[in-house]
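In what follows, every chain begins at residue 1, and chains take the letters A, B, ... in the order their sequences are listed. No hydrogens, no waters, no symmetry mates; every other heavy atom, side chains included, goes into these values.
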Amino acid sequence: MVPKRVLQLLVLACLASALRAGGELYNHLVITPQSPVLEIGTNFTATCMIINTDEITAKDLYWNLSDITVSNKQYTKINSSSLSVTIPVIGEKHEWLFCFCKEVSNYVYLNRSKFRHGIILTKGYRPGKPENLSCEAVQVKMEISSTITCVWKKVGRSSTDVPTKYTLYVKELGRNHSKETNGNSSQVNLEIFPHHMPMEIWVEAHNKLGRIESGHLSKDADSFVKTNPPSDIKVISEKTFPTSLLINWTHPIAEEYLKLTYQIRFCQNGSQSWTYVPLVDTDKYIQSFRLQNLRPDTVYVIQVCCKNARRGHGYWSNWSTNATMRTPEGIPKGKPDLWRIITKVDGVNERQVRFITKDPVFANGRIQRFHIKIQDKKDKVKSRSEEWERIPVNRSEADGSSSQREITFLKQIDLADERSVRVYVTAFNSVGESAQASLFIPDKAYGVWDLAPVEGLNLSSHGGQLWLEWKAPKNKAVSEYVVEWAANGWTDWQRENRTTTHTVIKGNLEKFVCYTVSVHPVYSGWTGKPASVQAFVEEGAPLEGPEIVDRKLGRNDVELVWKEIPQDKRRGFITKYTIFYKNGSKTHSVTVPANTTSYTLTSLSGNTRYDAWISASTIGGSARSLNHSFWTLKYAAGEIEGIVVGVSLGFLFIVLMTMLLCIYKKDVIKENFWPQIPNPGESTIGTWSPHHPVKADTPKENCLSGISVLDVDVCDGKCVFEEDKASLPLKKDKYLSEEHSSGIGGSSCMSSPRQSVSDSDEGGDMADTTASTVQYSSVMASNGYKGQTPSSQPQQAIFSRSESTQPLLDSEENPDMLLQEGSKHSQRFPRQPCFTHTAQNKDSTDPADCHQREMEQQELLEPLDFYPLEEDSEQTTPTEGQSADWLPAAPASSYMPQRGGYRPQ
Amino acid sequence: MNGHVKSMHFQQLMETAAALLSLLLVMAVDSTRTVAASRNQECGNSLQQTLKLTRLVQKESVDLIKTYKASQGEMAELFCKVTVADVPDPNISGLEPSERLASISIHLQAFFPHFKRVYEQQTDLQSPTSPLLAELTTVSTRSKNLATLINSFYQSLFPNLPVPEPAGGPTTLPPPQNVFQQKVYGCVVLKTYKELLANVSRELRTLKNKPIYGI
């Protein structure tokens, strides 16, 4: 450190003396060192010296690093004319370091430019020692290239201002080569490649801050050689050696240049699992090698590479191109893998047994045929004499090394349930015959009772494979297990030894396919009952949704029935069904178990359109059915029927009630609807005049009316009966009929049976007559005469008739009104009690009582002009002889004729 | 008594010294053997490499002659049967291994000007892309390598002897020749060189079978 400082000062002194000699053209401040290259992370000291002036001293100086004034704590005053500063070197970017002077005088102020000086600080890192140097000379044509390529690893950082460069040195005996680069690799071109010559290679990293060499590679030049792989590799297959292949090749380079050692690797075609021949066997300068212990009839791929034979020198060449050859066929080793598929035949006690087989594991060639012999257990002697059945197979030219052995169908038999057979199979290739495989098919009963299945079979899927686990059957010695898997009509199997309790299915299993996996224990050749489970390697969403096949509509519910998704489209186990139904924009869903195929949606709105679909879910996803639209019913089932029945019952009830009412209130009804209007037909007013006598036969006519008869019958039946008989001839007397008809259209008089009969021919005329003409009539007779007429001469009421066309008065139409008004013509009112009484007390039809009461009424009504007939009696007590002919028309009976004739008022 | 005691002490001292001397002698011998073995191994490697390189140059020279003959047109075989003066002697001289090694080195170096002359002549006779020129360069360079290697080997074996150099000064080259003479000259040079290499190879094999420390 001290010598350095001394050196600096010496330089400064020299510089100062030189500048003094130069006169006033130079600055008064000078910094040393000039343009330094600084290592980042170190401290840098610069000194500013005052020259050729006494205007200023060191205390007037100060330092600036770029635009920032350096703290005076970092200053060191060397003497009155020198000031040094020490700064840390930070950052990779170059900076200016200035030495300034305070303006302490006018001279300084006026010559400011002479009182400043600056230097640029270039920063960088020291070069790092290159590592991992390696060099390589490759083969070109039949020689090694004269160009040697080296790569190394850069160490340390490099700044932009102080870049690190690398120089590659290659030193031959007597000659040196070098090449500079900025990267981490370089090539040096030699005149020729110096075989068998020592060579020294190294790389030097250098920049303005220093230089450093990597480690030196001092080796024989051949240590850097990488030859081409051996060429013209030929593999020879010899029929007499089915497990051997002979390999020949050509050296890639002459021995004089380089003595090589070789390495060989091989694998079965299609496999990437290489087998390496031990180096001790090939570590020689050889051109051929015999591979042994290979599998017959197997295609092998062989590669060879080489390197400098000198141990630890040179690089392995690349592997040669593939040389492929099939080993010759050999005698099959092992026995065919015989298996069976048993199917129950419906309706008969037989089983359908299909025998299938795989080639022996070591078929050692193409299997050309199988020989099979089926021996009935009960008929061994006979079967021994049977010949083998020859089953040729036509195999493709596939590689015998394929892990998937082809399944060959051998034979199918129908086997009775009680029969058991033993099957023998051998396989043949072009060289010879395999060992014999045998299989027992026990009778059904034996299989059921004695050959127990495995227990606790469990199956799981991991990594695209199916893993099985089971427990060995108890109390039975299993000789081996057969794991069978079947899907879509395809069956495959594999065998596991007796100690196996878990395995993986080795076949190519497809995703989304349901496999039925069965484990068959084999007991000394006898196949036991299988234990089976179903599984998927990987589950996916079903290919399609369930199909809705039926629906049962209700008003507030609908039952949906769907069909399960076909097995080949499920692609997984159905975990649930989700029923979606939508009314408008609102969607509802219901989840049902996977074993359901129908469901009733409830709480629906009536007479509403719904869209429904069903989604079937598996672990891998779900698929929905097509939209199914339906309308709920307007009425629930039976609702219409209920309404109809109800209405009908109600109507019936009403009718019944009406009828009952009619029956029980018929007199009221009658009174309301058929008021007691005097029969104009019986009126004598029409013919009455002081000079016209009352017809003597009129009463006879009147006696024909039911009312009169009844009335009389009640009061004086004997008389009426006789009159009846007397008046019969007159029934058809038209004239009389017309004469005694009341002629009032809707009145009760017009509806008298007698009149209907008598007017049958001229009904229309009568109607016209009644429509245009209202005949007024009044009964002129009174009971006053009743008692006076002899018994042979029945009491006759005098009936007066008016031909007036004036409408009837209300008082006539409605007797009640008459009653209320206290009219003299309201004679019926007093009669009513008698009618009612008669009607309501049929049993008590005591004529005397009634007569007595009438008499009382008569006494009360004696002042009246008319005495009404007892209509009630007409209806309620018809004579027996009249009832048959007249009863249907009886309700419209006319008034009882007045027999008493006119009684002067 | 004292004398007897002194005699006893002296005797013991002598025995100890003898034992130490014996030990030192054994160590020295062993050390010498180790050094000799190491030197022997080093020399063996160097000799082995020299021999390999000699064989390589020999092989390349054979190939070169073939190429030369193929590139000289008709009567090429005839060219090579003619004797030409001023071509170095292929025979190795000297009785001692050092002399014979020195002779090898000198003979090899003696051929360099001739290779150069042949290359110059063939450059005029052959196209620039002729493999003959490339092979000539290769053999020439390889020969220099061989000479360097032999010199190095020689120096490692005989570090106190001077580096072998041609005794008679610079090699004498033939005067300007016509094309025929050039072709003949070239073939004779190559053929002679091949003979030299054969002799060198033989000589090195002889050396290989001798222990170097016995040279």
When rounded to the nearest 0.5 Å, the distance separating CG of Leu173(A) from NZ of Lys144(B) is 14.5 Å
Nearest 0.5 angstrom please: Ile192(A) CD1 to Thr141(B) OG1, how far? 5.0 Å
Contact check, side chains of Tyr257(A) and Arg55(B), non-hydrogen atoms, under 4.5 Å: no
Side chain, backbone, both or neither of Ser152(B) within contact of chain A (heavy atoms, under 4.5 Å): side chain
Check Arg175(A), Glu191(A), His195(A), His196(A) against Asn145(B) for a side chain to side chain donor-acceptor pair (under 3.5 Å) and give me the one that passes. Arg175(A)
Expected list for residues 247-256 of chain A: side-chain donor-acceptor pairs under 3.5 angstrom, two or more places apart:
| from | atom 1 | to | atom 2 | distance (Å) |
| --- | --- | --- | --- | --- |
| Trp249(A) | NE1 | Ile286(A) | O | 3.2 |
| His251(A) | ND1 | Tyr262(A) | OH | 2.3 |

Could you tell me whether Lys59(B) atom NZ has more than 12 heavy atoms of other residues or ligands within 6.0 Å of it? yes
Turns out that what part of Gln58(B) lies under 4.5 Å from chain A's heavy atoms comes down to neither
Can you tell me how far CD of Glu172(A) sits from CG of Leu149(B), rounded to the nearest 0.5 angstrom? 11.5 Å
Heavy-atom pair with the smallest gap, counting every atom of Phe193(A) and Arg142(B): O-NH1, 2.5 Å
Euclidean distance, Met197(A) CE relative to Leu146(B) CG, rounded to 0.5 Å: 8.5 Å
